[in-house]
Amino acid sequence: MRGSIDGLGSSAPIGAMLPAVFADDDLAQRFVGGLDDVVAPILNALDCLDSYFTPSLAPLDFTRWLGSWVGAEIDGSEPEERLRAAVAAAAYLHRVRGTRRGLSEAVRLAFGVIPEITESGGADWHARPLGPVPGDPRPHLHVALRLPDPTPADEHRLDSLVAAARPAHMPYTVKVTVAERTPER
């Protein structure tokens with residue numbers, strides 16, 4: 001948490017801004033020196049304000065708050081690296097929300113693994129009208145995720161993530177399975 005920091009000097013000392021009559025007044029200088037100690041962390045934060053809104057540079061507690069502010073898909077249990085990546089990608093994910101790419105990226109940021117997504121839709125064109133409609137007539141979406149050590153909480157987290165990031169009209173199913181381990185040589 002930010003607060004008073006021992007030895008942090010003010011970038012704009014109040015004593016230097018006082019009228020000349022108080023320049024040699026010891027009591028006035030000590031009084032505003034105490035105010036400088038209180039104001040210095042605020043001025044320091046304002047001097048570095050752009051860093052607070054850069055997830056890779058911001059303090060961790062501020063990054064968590066920023067994640068809630070920008071609507072990042074986080075639950076508070078992510079490692080710091082994935083938390084910062086999710087907050088940084090939040091605006092992009094809102095632009096691609098409801099698409100296969102957006103869903104895949106949201107799941108990858110939350111779990112660190114690329115999901116397998118199957119869907120019923122499709123796109124095609126024909127030179128003549130009334131051509132065949134691509135995809136299945138009944139909409140569906142299935143998201144499978146392979147994790148090294150899955151828990152029941154992972155399936156619940158995936159379910160809530162897919163429910164939020166899928167197209168609104170699309171029924172869906174999710175499945176979390178154990179990733180196959182490759183033998184190390």
Side-chain angles (χ1 to χ4, degrees), residues 1-6 8 11 40-123 135 139-185:
M1 300 296 287
R2 277 131 322 277
S4 93
I5 301 169
D6 291 335
L8 179 65
S11 59
I42 297 168
L43 294 176
N44 187 38
L46 290 174
D47 288 343
C48 303
L49 191 60
D50 62 326
S51 297
Y52 278 83
F53 294 100
T54 305
S56 60
L57 300 174
L60 189 58
D61 62 324
F62 192 86
T63 304
R64 281 194 183 96
W65 175 81
L66 188 60
S68 68
W69 193 49
V70 298
E73 297 288 341
I74 56 176
D75 67 354
S77 65
E78 302 83 12
E80 182 178 342
E81 181 179 306
R82 271 197 283 175
L83 169 74
R84 291 181 185 280
V87 173
Y92 167 74
L93 288 177
H94 289 306
R95 283 194 308 268
V96 295
R97 188 177 210 108
T99 65
R100 181 183 184 121
R101 179 175 46 164
L103 178 60
S104 178
E105 187 65 14
V107 172
R108 185 192 66 78
L109 285 169
F111 290 95
V113 177
I114 298 173
E116 297 169 15
I117 300 174
T118 54
E119 58 182 327
S120 60
H140 64 86
L141 172 69
H142 179 72
V143 180
L145 189 62
R146 298 180 191 277
L147 296 175
D149 190 24
T151 65
D154 292 330
E155 188 153 344
H156 176 71
R157 171 96 169 103
L158 179 62
D159 185 68
S160 62
L161 190 66
V162 171
R166 70 184 166 94
H169 70 283
M170 186 77 71
Y172 69 96
T173 57
V174 297
K175 184 168 185 155
V176 177
T177 58
V178 177
E180 296 177 12
R181 298 183 195 271
T182 56
E184 297 180 25
R185 296 177 191 180

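Throughout, residue positions are numbered sequentially from 1 according to the sequence presented. Note that this is a predicted model, so its numbers are computed, not measured.
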- Query: Which is it for Ser104 and Ile114 under the side chain to side chain contact (heavy atoms under 4.5 Å, CB included) test, yes or no, and what are the steps along the way?
  - Reply: CA-CA 6 Å; Ser104 178; Ile114 298 173; 4.1 Å; yes
- Go through Leu57 and Asp50 one step at a time and tell me if the side chain to side chain contact (heavy atoms under 4.5 Å, CB included) criterion holds. CA-CA 9 Å; Leu57 300 174; Asp50 62 326; over 6 Å; no
- Do Asp75 and Arg157 pass the side chain to side chain contact (heavy atoms under 4.5 Å, CB included) test, and can you show the C-alpha distance, the side-chain angles, and the key distance before you say yes or no? CA-CA 9 Å; Asp75 67 354; Arg157 171 96 169 103; 3.3 Å; yes
- Considering all heavy atoms, the nearest Pro139-Pro171 contact: O-CG, 3.3 Å
- Item | Gap separating the OG atom of Ser11 from the CD1 atom of Ile42, nearest 0.5 angstrom | 11.5 Å
- Message: Looking at every heavy atom in both Pro148 and Ala179, which two are closest together, and how far apart are they?
- Response: N-CB, 4.1 Å
- Flag side-chain contact, heavy atom, 4.5 Å: Val174 against Leu161: no
- Task: Mind listing the closest non-hydrogen atom pair of His142 and Thr173 along with its distance?
- Result: ND1-OG1, 2.6 Å
- His94 atom NE2, over 12 foreign heavy atoms within 6.0 Å: yes
- Message: Between Arg82 and Ala110 (side chain of the first, backbone of the second, donor and acceptor by atom type, cut-off under 3.5 Å), is there such a pair?
- Response: yes
- Mind checking the OG-NE2 spacing from Ser160 to His156? Nearest 0.5 Å is all I need. 5.0 Å
- Task: Look at the side chain of Arg146 and the backbone N and O of Val113, then say whether any donor-acceptor pair between them is shorter than 3.5 Å.
- Result: no
- Task: Using salt bridge (Lys or Arg N to Asp or Glu O under 4.0 Å) as the criterion, point out the one residue from Arg166, Arg101, Arg100 that pairs with Glu119.
- Result: Arg100
- Under 4.5 Å between any side-chain heavy atoms of Val178 and Pro150, yes or no? yes
- Message: For Glu73, is there an ion pair with Arg97 - N to carboxylate O distance below 4.0 angstrom?
- Response: yes
- Could you check Leu145 against Asp154 for side chain to side chain contact (heavy atoms under 4.5 Å, CB included), going step by step and ending with a plain yes or no? CA-CA 9 Å; Leu145 189 62; Asp154 292 330; over 6 Å; no
- Please report the shortest heavy-atom distance between Ala86 and Ala72, naming the atom on each side. O-CB, 3.8 Å
- Kindly indicate whether the side chain of Leu93, heavy atoms from C-beta on, has any atom under 4.5 Å from the side chain of Leu109. yes
- Message: Can you classify the ring geometry of Phe53 versus Phe62 as parallel (below 30°), tilted (30 to 60°) or perpendicular (above 60°)?
- Response: perpendicular
- Item | Backbone of Ala58 reached by a side-chain donor or acceptor of Arg84 within 3.5 Å | yes
- Task: Can you see which heavy atom on Val143 is nearest to which on Leu103, and at what distance?
- Result: CG2-CD2, 3.8 Å
- Query: To the nearest 0.5 Å, how far apart are CG in Leu66 and CH2 in Trp69?
  - Reply: 6.5 Å
- Task: Check whether more than 12 heavy atoms from other residues, nucleotides or ligands sit under 6.0 Å from atom CH2 of Trp65, and answer yes or no.
- Result: yes
